[in-house]
Peer 1: 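Just dropping this structure here.
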Amino acid sequence: MIREIKKLKSEEFDVVIIGGGIHGVTIAREASLQGLKTALIEKNDFGSSTSANSLKVLHGGLRYLQHANYKRIRQSIRSRKVFQQVAPNLVSNVPFLVPTFGFGVRSKFVMKTAIKLYDIISADRNKNIPNDNFISNGKVLSKNEVVKILPGLQQNNLTGGAVWYESIANDSERLILQFVLDASDNGACIANYLKATGFIIENKSITAVKVKDELNNHEFEIRTKNIIVTAGPWLNEIYNSFVSNNTFNIPLTKAVNIVVNKGLFGNYAVGLEGTEEYKDRDAIIKRGKRLYFFVPLNNKTMIGTTYNKFDDAPDKLTITKSDLIEIIDEVNSIYPSLNLKFQDICFYHTGLLPMAEQKSPDDDIQPGKHSEIYDLEKTDGISGAYLIKSVKFTTAPSIAEDAVQMVLQKSGKKIKKTFVTSYNSNKKKEEIDLPYDVQKHLREIYGRNKYKIVSMINNNKQLAELVSNSPAVTIAEILYCIREEMAISLSDIILRRTGLGNLNIPSINTIIKIAKIMQNELKWDNSKLDYEIEKVKKIYSVLNNSLLETNN
Ligand SMILES: Cc1cc2nc3c(=O)[nH]c(=O)nc-3n(C[C@H](O)[C@H](O)[C@H](O)COP(=O)(O)OP(=O)(O)OC[C@H]3O[C@@H](n4cnc5c(N)ncnc54)[C@H](O)[C@@H]3O)c2cc1C
């Protein structure tokens, strides 16, 4: 897969997708599978914005029972299946535990009923997915069992716990990339670091997208019959470029998670009530305390999420030490015996989400609950332009089906069935003579594409040399990501291709080794090399920077 600038300049497309987060890439895959001539452009790297910053839970929809939203539960189950089918190596199942208390709405009886109901609604959840991804039924635990897992929990009124299974994206950045690779295999023309700067509208129809190549400032136009804008928090900005009075404004909330450098509750993800009350007008249970989730991943724990109002432009989003301390303080109030310290934080996630409407000033700040597709023909009389307001990573595949169907219906084209109905694991047997750690890393991160890296090593044994011990990353992998996966900057490799730095701080030695391989391959001069290294160091600068010297 290479940046297809020439084709983007010269050809006309059925649809250009603007924004390569999870929504853009799932739409690109779906549109190309449907036979639409598809282009996908991303102003930065794929999945480098909100989508890289989620808690990585691919919700099965149990939580929507409290909103009695059956449609959304089914949408979540269907979307989760798409993730399991596209990249089974990147999706795993984790038991989620929530303690139960007393006889009211948080009681064991109510939770047990909810879990049973969910198991019935999701009875087909394991149909057509790989066996390794099968999701078990939920269950309830006794008080003693819960105390064993959560010995520091305050036990007044504790009656036990409810357990259900959710999928998580082990590496959400690679999961996003797998959709890009699939779209490219299906013929989509794709480029990262290509920014949409404007649109050409003739006779009230979209005819082209104006773009700027962020690598050389070159500007050109991509001719197209339709656009789908999946720009995440930049939606307001792009929508307002179509309307004259700048009136479109979805308020944004800044969401933050932390990652701590230790497992906390064994293999369980745990939901614990925070200290502050919040209201949810749409739920059956209208009041409660916000749940904080502790999600285990690779011997670390992701904890979140906090939400605060954000009034600035999306490009101004930053993370501060006080954002991180807010979570540490809250966790230590909820579960004092954890005694977490700032130094335990090894990574963080922050992103901007549409905020739910505040019906009165004292309403809590919450993320919006509903994704939406705006058809500008209906709202502003411009045909061929669809803009997406997105609220969840999980439901992106289902939104993708809806958005592409809108384009197909308008163009009078037939809708094909693209949902996989029989799963074929297509296991390719090939001799691999590599250390166990390298094999494990390749299998977990690259799935079916690992053989491409293995064959590079078979052709040149020197490429098996490691640039990092944990994870065991080889030189071959870096070259593969540059040549076949559009990795262009050092941060693309560290954060979004190799799994080296998206849960952990990589060592400065590893960063420099990789930068030098990139310098050689991409012909960087020394000032570019220094710039790329400094840019990566800055990502971790809010954390305990001494870790840069000691890790891996
Ligand atoms: C802290 C946190 C925790 C979360 N946890 C979960 C969770 O556990 N489960 C879940 O399902 N969801 C979760 N979410 C929500 C989920 O991450 C988002 O809803 C989802 O990732 C949004 O995806 P997107 O593709 O719409 O937006 P983005 O990922 O923001 O993608 C938009 C892309 O558009 C690009 N772009 C913008 N303007 C242009 C332009 N002019 N030209 C070209 N490209 C452009 C941007 O660079 C960006 O890459 C969480 C979010 C946060 C912040």
Side-chain angles (χ1 to χ4, degrees), residues 16-28 39-61 63 75-76 79-80 83 94 96 166-169 172-173 175-176 179-180 191-199 209-214 222 227-239 241 252-259 269 293 295 297 302-308 310 313-315 317 319 323 327 348-354 367-372 387-400 403 496:
V16 174
I17 297 140
I18 297 161
I22 190 61
H23 286 83
V25 304
T26 47
I27 291 174
L40 167 67
I41 62 169
E42 161 56 50
K43 70 174 177 173
N44 199 296
D45 188 27
F46 309 112
S48 55
S49 185
T50 328
S51 298
N53 284 284
S54 91
L55 201 58
K56 309 189 191 299
V57 184
L58 305 172
H59 303 278
R63 59 168 59 187
Q75 204 184 31
S76 303
S79 287
R80 181 173 63 189
F83 289 122
V94 172
F96 273 61
E166 297 278 20
S167 293
I168 60 167
S172 46
E173 293 80 351
L175 185 57
I176 291 163
F179 282 85
V180 182
N192 53 2
Y193 296 98
L194 193 65
K195 179 178 178 176
T197 53
F199 304 96
V209 183
K210 295 182 190 171
V211 296
K212 183 172 137 205
D213 190 334
E214 297 285 16
I222 307 175
I227 57 163
I228 302 181
V229 177
T230 49
W234 288 270
L235 171 66
N236 289 333
E237 192 180 294
I238 296 191
Y239 201 122
S241 69
L252 297 172
T253 167
K254 173 177 172 180
V256 179
N257 301 327
I258 58 170
V259 184
F293 278 97
V295 181
L297 185 58
M302 301 179 287
I303 307 173
T305 300
T306 54
Y307 299 99
N308 285 295
F310 186 85
D315 286 327
L317 174 69
I319 186 86
D323 291 327
I327 302 185
Y348 59 87
H349 302 129
T350 185
L352 298 172
L353 297 169
K369 291 199 183 71
H370 306 284
S371 296
E372 222 166 308
L387 293 88
I388 293 184
K389 177 182 111 178
S390 56
V391 297
K392 281 274 167 228
F393 192 106
T394 307
T395 40
S398 157
I399 309 277
R496 290 176 290 276

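Remember, it's a predicted structure, so these values are computed and weren't measured experimentally. Residue numbers count from 1 along this sequence. Note that ligands are numbered from 1 as they come in the structure, with each ligand's atoms numbered from 1 the same way.
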Peer 1: If every non-hydrogen atom of Ile27 is compared with every non-hydrogen atom of Ala403, which pair is closest and at what distance?
Peer 2: CD1-CB, 4.1 Å
Peer 1: Could you tell me which residues satisfy ring pair (Phe, Tyr, Trp, His ring centres under 6.0 Å) with Phe199, sequence neighbours excluded, listed by chain and number?
Peer 2: Phe242
Peer 1: Apply ring pair (Phe, Tyr, Trp, His ring centres under 6.0 Å) to Phe293 and list each qualifying residue two or more places apart in sequence or on a separate chain.
Peer 2: Phe96
Peer 1: Listing by chain and number, which residues have a heavy atom under 4.0 Å from ligand 1?
Peer 2: Ile18, Gly19, Gly20, Gly21, Ile22, His23, Glu42, Lys43, Ser49, Thr50, Ser51, Asn53, Ser54, Leu55, Lys56, Val57, His59, Leu194, Lys195, Ala196, Thr230, Ala231, Gly232, Pro233, Trp234, Ile238, Ala255, Val256, Asn257, Thr305, Gly351, Leu353, Ser390, Val391, Lys392, Phe393, Thr394
Peer 1: Would you say the side chains of Asn257 and Thr305 form a donor-acceptor pair under 3.5 Å?
Peer 2: yes
Peer 1: Using a 3.5 Å cut-off and no angle test, enumerate the donor-acceptor pairs between side-chain atoms of residues 393-400 and protein atoms at least two apart in sequence or in another chain.
Peer 2:
from	atom 1	to	atom 2	distance (Å)
Thr394	OG1	Val57	O	3.2
Thr394	OG1	His59	N	3.1
Ser398	OG	Gln75	NE2	3.3

Peer 1: Counting distance only, does the side-chain N/O of Ser390 pair as donor-acceptor with the main-chain N or O of Gly232 below 3.5 Å?
Peer 2: no
